[in-house]
Amino acid sequence: MSGTVRSIEPIVLRYPEPNDFNNMRMTMLVRLTTSAGGVGWGEGIAMWPEACKASAAIIADGFAPLLVGHPVGEIEAAWWKMKRHAWWYGEGGIASFALSAVDMALWDAFGAEIGQSVGTLLGGVVQPKLPANATMHVNKATLEENIAEIAGHISAGFRSVKLGLGKRGLANIGPEPESVLAFITALRAALGPGPGIMVDIGNGIRWDPPTAIRVARALEPLEIGWIEEPLYPADIEGYRRLRAATTLTIASGEREWTIEGYKRLLATETVDVFGIDPGRAEGVTGFRAVTRLVEAAHRQVNAHAFSTAITTAASLHLSAATTASRIFEIKPHPSPMQHELVRTPIWHEGGYATPPAGPGLGIVVDERVVEKYRVA
Ligand SMILES: [Mg+2]
């Protein structure tokens, strides 16, 4: 038998991220305890100090009082309680970070109490191993250095790479389309045929539709796995024009926060790969619901796992529990939030990622590390 929720504590962390040019990043964890003595962990990736503060306040003053005494195993009912309450916060955004963290902690706590993994609770693993993708920021000064780094990840076993362009660092690849094309052309020549290359244009680069179309067409012969967010995510008309003009696979979606948002995006028929993060888009429950929509539409879902091992573990269980995912993103450089925070970091073996076997999320959080990075 599982217990009821005894406490829900938001914890804000600040940490250096070697995968982001050693930038200091922030996130918010949730430590949920149960009447049976169990603990569950969740994460809401709020990133900025004020967003972490607001998410933590929503949990401490809103969701925690709402859910103390709630049966740990009645996760869907808890999700709805929060969702209805969050209407007054404005659905999405910060409210979704807070909801995500609590929902994830409930899945972890419930699984731990009944001795089942989150993957089992989701209905079971249908893809026991997923090709591991090195998800990295291109931030070195020269083309040669960046290509050498990527080639290193491939020879270390990663099956593919996703390249974030326009990020912090020394690189000047993007926003100029010519610099992106020169880089990807040289990279493909260096790697040879085979390893997947995903190109994540992202927030740092803003192209107009004609530019995105020109780049996409030029990338077509280079075996690109997908092009991600080449246009502003809300520019649906731009994506329609791009979709009509290229055979390239198009990824987007990580800026949606709700199931309804993904439903609307899916209906535009402009996206092939839907990026989603259980630490931002309504938790494990939200991710599962979006996955069902994406499965039914025969499109691809992709976990955006670029924060702590808690979200990575949730993402891996979710990705393994559906046929709609094809790869699993891992940050290739050892980092405090992946390699210090949990006893057994999530990694790949021979280029494949396997969901952790233990109960709940299957990770053991080191609370001393939580204290070490905790913001007072
Ligand atoms: Mg992205």
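The figures here come from the full heavy-atom set of this structure, side chains too, leaving out hydrogens, waters and symmetry mates. Whatever order the structure lists them in is the order used to number ligands and atoms, beginning at 1.
- Taking the centre of each ring, W347 and H339 come in below the 6.0 Å mark.
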For this session: Take E367 and R31 through the salt bridge (Lys or Arg N to Asp or Glu O under 4.0 Å) test and state the conclusion after the steps.
Result: CA-CA 10 Å; E367 300 211 19; R31 185 179 186 275; 3.1 Å; yes

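- Of all protein N/O/S atoms, those under 2.8 Å from the Mg ion (ligand 1) are D200 OD2, E228 OE2, E254 OE1, and waters are not counted.
- Here the side chain of T246 pairs no donor or acceptor atom with the backbone of R243 at under 3.5 angstrom.
- Just one residue in the list I59, T285, L99 forms a side-chain contact (heavy atoms from CB on, under 4.5 Å) with M82, and that residue is L99.
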Problem set entry | Intermediate values then yes/no, salt bridge (Lys or Arg N to Asp or Glu O under 4.0 Å), D20 and K167 | CA-CA 8 Å; D20 182 18; K167 305 290 190 189; over 6 Å; no

Exercise. For R280 and E256, what are the C-alpha separation, side-chain angles and deciding distance, and is it a salt bridge (Lys or Arg N to Asp or Glu O under 4.0 Å)?
Worked result: CA-CA 9 Å; R280 302 204 300 214; E256 297 292 345; over 6 Å; no

